[in-house]
Protein chains: 2
Amino acid sequence: MIRRLSQARERGIPEATVARLPLYLRALNGMAERSLATVSSEDLAVAAGVNSAKLRKDLSHLGSYGTRGVGYDVEYLIYQISRELGLTQDWAVAIVGVGNLGRALANYGGFVSRGFRVAALLDADPEVVGDHIAGLNVEHIDGLEAVIKRRGVSIVVLATPAAAAQQVADRVIAVGVTSILNFAPVVLTVPEGVDIRKVDLSIELQILAFHEQRKTDRMTGGPAMAEEWPEAVDL
Amino acid sequence: MIRRLSQARERGIPEATVARLPLYLRALNGMAERSLATVSSEDLAVAAGVNSAKLRKDLSHLGSYGTRGVGYDVEYLIYQISRELGLTQDWAVAIVGVGNLGRALANYGGFVSRGFRVAALLDADPEVVGDHIAGLNVEHIDGLEAVIKRRGVSIVVLATPAAAAQQVADRVIAVGVTSILNFAPVVLTVPEGVDIRKVDLSIELQILAFHEQRKTDRMTGGPAMAEEWPEAVDL
DNA sequence: TAGATTGTTAATCGATTAACAATC
DNA sequence: TAGATTGTTAATCGATTAACAATC
């Protein structure tokens, strides 16, 4: 039994599964608030917006935490998923770039709620340095390395202009940061072993536009032939 | 030839490919700015951060737009990808919820740059209604349906509190909106045919934390055994 | 023609899903 | 025991990748 658990741990959890664990966690927290003691894979799957076979498969990568015929203990599963995600410890986060987006992130409640603590806000603009946002003092980017080391920052959020992002990334990586959440619309070049996650608002919109266009096409019977490129060019 | 192009079009483009087209587009725009006339799949792949076989496979779903031995014409490929994504037309976007995040989105330059136009900002808070943000007047949420119809809004961005998101979604769907970009940390329930994309800051952080923990574990030789759940429970 | 590079094939890999034996 | 529900199997599906024939 221990053997199987350890194997699952060692083999690693599929990326697709990792990306869904936070969804399950959120759904479970909602259930805990409503004082539900146990939940079936079917109910939890509906709450998280996935199919129940996938949910059970995902959870099976963590271990056998359910009871056949009964379901999953809500609190226990919350604990196991939290632990797997590393949320039972406290992560110090620095937000670099305190423009509109940086401010929004600093004030975002969901950050603090689950193991994350905004430990620093940094900006290059003297106009912004010294502002108080979400109970924090905005510091000058010159102190970036010192702040990261002194406060044990392990995750950096980049909310800088595109032009500054790579340079800031290089600096934080140089002092040992290996986890970056990038909001700047650039492809960052980083050494192996550094994890980058990217949130790109304009890309999300473009993907929506693609599907929206498809729907419109379908209603009007496809794109007009005049819009097609001349055949010779396609050849 | 036309046959093959049409088939590719009709069969649909894989979701994974659609999600990468905006990356290629951004890389190509950078090259156009630097006045590059043609680009090889290898160079474009590097700029977009993918492998070149994947890039060629992705582009092959759109048609045969390259020249063997030469590469791709930058401007021509920009045009083809833009058209495929539906960016050659203008999309009116409404942002609902003008808190920190809504403001950040309204001011986000990348929105406007590529075929998207913020056509309305709406909020429920009388304190916020009437504010001028990014050249727009914040309107009261009561006028939501009228604004959407009158201005031809086809994409709605939800930046409301979690508690309000479903209700706003229901209202915009009722007046025909089928594309929603959701920043609120809730799973929305929507009818078939409505496309939801979700951006969740806290989930991105949790995924980073998972990997960060793994790295730390590796350095310390795995999680301490004391942290494991008692064996009987695992059984 | 020789060199370069695409577009496609086919192998591989990973994710999803339905179905059901195990078992509470 | 009968009913419920997990955890796992195996089939299927879709995405990735290396390799290379086609062809500029």
Side-chain angles (χ1 to χ4, degrees), chain A residues 1-5 7-9 11-21 23-24 28 36-74 76-77 80-81 207 232-235, chain B residues 1-5 7-9 11-21 23-24 28 36-74 76-77 80-81 207 232-235:
Chain A
M1 281 307 154
I2 280 297
R3 182 106 295 274
R4 209 173 45 206
L5 174 68
Q7 278 182 356
R9 195 69 52 74
R11 269 184 206 162
I13 297 173
E15 263 309 301
T17 295
V18 172
R20 283 186 296 264
L21 291 180
L23 294 177
Y24 304 153
L28 285 164
L36 296 178
T38 60
V39 64
S40 68
S41 62
E42 181 59 34
D43 289 353
L44 181 53
V46 168
V50 304
N51 109 7
S52 68
K54 191 190 285 182
L55 171 73
R56 288 197 301 277
K57 185 83 173 164
D58 283 342
L59 294 183
S60 78
H61 287 112
L62 311 192
S64 290
Y65 297 142
T67 306
R68 287 167 147 99
V70 177
Y72 300 88
D73 182 281
V74 171
Y76 182 51
L77 194 52
Q80 291 298 347
I81 296 179
I207 295 171
V233 179
D234 182 47
L235 226 181
Chain B
M1 283 306 154
I2 280 296
R3 181 106 298 271
R4 209 175 43 205
L5 174 69
Q7 277 181 358
R9 196 67 54 74
R11 271 185 204 159
I13 296 171
E15 264 307 302
T17 296
V18 171
R20 282 187 295 263
L21 291 180
L23 294 177
Y24 304 152
L28 285 164
L36 296 177
T38 61
V39 64
S40 69
S41 63
E42 182 59 34
D43 289 354
L44 181 52
V46 168
V50 303
N51 109 6
S52 68
K54 191 190 285 185
L55 171 73
R56 288 196 300 278
K57 184 82 173 167
D58 281 343
L59 294 183
S60 77
H61 288 113
L62 312 191
S64 290
Y65 297 141
T67 306
R68 287 167 148 100
V70 178
Y72 300 89
D73 182 281
V74 171
Y76 182 52
L77 195 51
Q80 290 298 347
I81 295 179
I207 295 171
V233 179
D234 182 48
L235 227 181

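Order of the sequence lines fixes the chain letters, A, B, ..., with proteins taken first and strands second; residue numbering starts at 1 for each chain.
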Quiz item: Should B:S41 be listed as having a side-chain N or O under 4.0 Å from OP1 or OP2 of C:dT6?
Solution: yes
Quiz item: If you find the nucleotide of DNA chain C closest to A:E15 and the one closest to A:V70, which residue's nucleotide is nearer the 5' end?
Solution: A:E15
Practice problem: Return the nearest nucleotide to the side chain of A:A53; candidates are D:dT16, D:dT17, C:dA18. | Solution: C:dA18
Practice problem: Please name the pair of heavy atoms, one in A:Y24 and one in A:L44, separated by the smallest distance, quoted to 0.1 Å. | Solution: O-CD1, 4.2 Å
Quiz item: Hey, is the side chain of A:R20 poking within less than 4.0 Å of OP1 or OP2 on C:dT16, counting only N and O atoms?
Solution: yes
Practice problem: Tell me which nucleotide among D:dA18, D:dC24, C:dA18 gets nearest to the side chain of B:R68. | Solution: D:dC24
Quiz item: Within this structure, what is the NZ-to-P distance between B:K57 and C:dA11, rounded to whole angstrom?
Solution: 13 Å
Quiz prompt | Between D:dA15 (P) and B:H61 (NE2): distance, integer Å | solution = 8 Å
Exercise. Counting Watson-Crick and G-U wobble pairs only, both distances under 3.5 Å, name the nucleotide matched with C:dT6, or none.
Key: D:dA21
Practice problem: Calculate the interatomic distance between A:L55 atom CG and C:dT17 atom C1'; express it in whole Å. | Solution: 13 Å
Self-check item: Separation of D:dT8 C1' from A:L62 CG (nearest whole Å)
Solution: 15 Å
Practice problem: Look up atom CG in B:D58 and atom OG in B:S41, then write down how far apart they are to the nearest 0.5 Å. | Solution: 11.5 Å
Exercise. Check step by step if side-chain contact (heavy atoms from CB on, under 4.5 Å) holds for B:L62 and B:L21.
Key: CA-CA 10 Å; B:L62 312 191; B:L21 291 180; 4.1 Å; yes
Quiz item: Can you check the A:N51 CG to C:dA15 P distance for me, whole Å?
Solution: 15 Å
Quiz item: B:Y72 pairs by side chain to side chain contact (heavy atoms under 4.5 Å, CB included) with which of B:D43, B:T38, B:L59?
Solution: B:L59
Quiz prompt | Closest to the A:S40 side chain, choosing from C:dA19, D:dT5, C:dA15 | solution = D:dT5
Quiz prompt | Pairing partner of C:dA11 (Watson-Crick or G-U wobble, both distances under 3.5 Å) | solution = D:dT16
Quiz item: Can you check whether B:Y72 has a side-chain N or O nearer than 4.0 Å to OP1 or OP2 of C:dG7?
Solution: yes
Self-check item: B:D43 CG to C:dT5 P, straight-line distance once rounded to whole Å
Solution: 8 Å
Exercise. Over all heavy atoms of both residues, which pair between A:K54 and A:N51 is shortest? Give the atoms and the distance, please.
Key: N-OD1, 3.0 Å
Quiz item: Starting at CZ of A:R56 and ending at C1' of D:dA4, how long is that distance when rounded to a whole Å?
Solution: 12 Å
Exercise. Could you state the atom-to-atom distance from CG of A:L44 to P of D:dG7 in whole Å?
Key: 12 Å
